[in-house]
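Let me begin by presenting the structure, written as structure tokens, before commenting on it.
Per chain, numbering begins at 1; letters A, B, ... match sequence-line order. Heavy-atom basis, side chains included; hydrogens, waters and symmetry copies ignored.
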Amino acid sequence: MPPKTRARVSKRPASSDYDGEKVGSKRKAAASVESGKTEESSEPPQYCRWLMKSEPESRFENGIDVKFGIEDLKALPDQTGCWDGVRNYQARNYMRQMKNEQLAFFYHSNCKEPGIAGVMKIVKEAYVDHTQFDKKDVHFDANSKPDNPKWSMVDVQYQRMTKRFLPLSELKKYHLQHRAKGGPLKDMALFTRARLSVQPLTTEEFDFVLSLEDEEPL
DNA sequence: GCCAACGTTGGC
DNA sequence: GCCAACGTTGGC
């Protein structure tokens, strides 16, 4: 049922943001977790950087093209769109943690060359994903009721392309290297939580990845 | 609340 | 297009 994460245009429902249900906070294991710099000593770690996946190449799902690459975001009015269609609880919960002004990587998945294409900014915090109620939408969810919506989305605004495309293959090399000898990408969610479509990054991870822009491809 | 069957993700 | 990894569902 719920496939890809994809974003797309939509008029802002301007509705206030509900909070849907209580997030199934698993035991708050004192997990080490290098939170994104914030020092909430306990409680869910607050991340402040993100990676969001979307498919830049056409793929049809129920006759609907789910293609949405960074160029598509850039082409929207205000270069802004809503990140709808997320139908995974962990991914949703991360979106609910997002704060205005935070930065996220736009990751191209399920395509010729997967990897990071650019940077975007969160410009509207989590609110109800209206596509869950739309029977004609690929991500329609018959189990979600308007008086208790299950799924959320955020609005994101295009910031810029990375100076060069940062391929998954290269990030993986760093990840393996860092895992062996230590380094900022040793626990990067892209590899430790591969299938998650919305992932948290620490500022260290984010900054390191961005620094690769100025490096020669590995 | 366990866990097997099933469905999806997404790299290759 | 394959298929491994893993999240979700549903029977018990």
Base, sugar-phosphate, or nothing for A:Lys112, non-hydrogen atoms under 4.0 angstrom?
-> nothing
If only side-chain N and O atoms of A:Lys53 are considered, is one of them under 4.0 Å from the OP1 or OP2 phosphate oxygen of B:dG10?
-> yes
Rounded to the nearest angstrom, tell me the gap between atom CZ in A:Phe60 and atom C1' in C:dG1.
-> 18 Å
Check every atom of C:dG7, C:dT8, B:dG10 against the side chain of A:Ser197 and return the nucleotide holding the closest atom.
-> B:dG10
Basic-acidic side-chain contact under 4.0 Å: A:Arg87, A:Asp129 | yes
Pairs under 3.5 angstrom, nitrogen or oxygen only, protein versus nucleotides 2-5 of chain C, please.
{"from": "C:dA5", "atom 1": "N3", "to": "A:Arg195", "atom 2": "NH1", "distance (Å)": "2.8"}

Rounded to whole angstrom units, what separation is found between the CG atom of A:Leu196 and the C1' atom of C:dT8?
-> 14 Å
Residue A:Asn88, side-chain atoms from C-beta onward, closest of B:dC12, C:dG7, B:dG10 = C:dG7
What's the NE2-C1' distance between A:His139 and B:dT9, to the nearest Å?
-> 13 Å
In whole angstroms, how far is the P atom of B:dG11 from the CZ atom of A:Phe191?
-> 10 Å
Touch check for A:Tyr107, heavy atoms < 4.0 angstrom, all strands: base, sugar-phosphate only, or nothing?
-> sugar-phosphate
Just how far, in rounded Å, is P of B:dT9 from CZ of A:Arg59?
-> 7 Å
Can you list the residues that meet the side-chain contact (heavy atoms from CB on, under 4.5 Å) rule with A:Asn62, with sequence neighbours excluded?
-> A:Val138
Partners passing side-chain contact (heavy atoms from CB on, under 4.5 Å) against A:Ser58 (at least two apart in sequence or in another chain) | A:Phe60, A:Asp65, A:Lys67
Going by the ring pair (Phe, Tyr, Trp, His ring centres under 6.0 Å) test, name the single residue among A:Tyr47, A:Trp50, A:Phe105 that passes it with A:Phe206.
-> A:Phe105
Could you go through the salt bridge (Lys or Arg N to Asp or Glu O under 4.0 Å) check for A:Arg59 and A:Glu61 one step at a time?
-> CA-CA 7 Å; A:Arg59 186 173 65 81; A:Glu61 211 173 293; 2.9 Å; yes
Among A:Glu170, A:Glu215, A:Glu113, whose salt bridge (charged side-chain N to carboxylate O under 4.0 Å, His left out) with A:Arg164 holds?
-> A:Glu170
Rounded distance in Å - CG (A:Asp141) to P (B:dG7) = 17 Å
Distance, rounded to the nearest Å, where A:Glu57 contributes CD and B:dG11 contributes P | 11 Å
Mind running side chain to side chain donor-acceptor pair (under 3.5 Å) on A:Tyr158 and A:Asp78 for me, showing each step along the way?
-> CA-CA 8 Å; A:Tyr158 171 86; A:Asp78 225 5; over 6 Å; no
Quickly work out the A:Arg87 CZ to B:dG10 P distance and round it to whole Å.
-> 15 Å
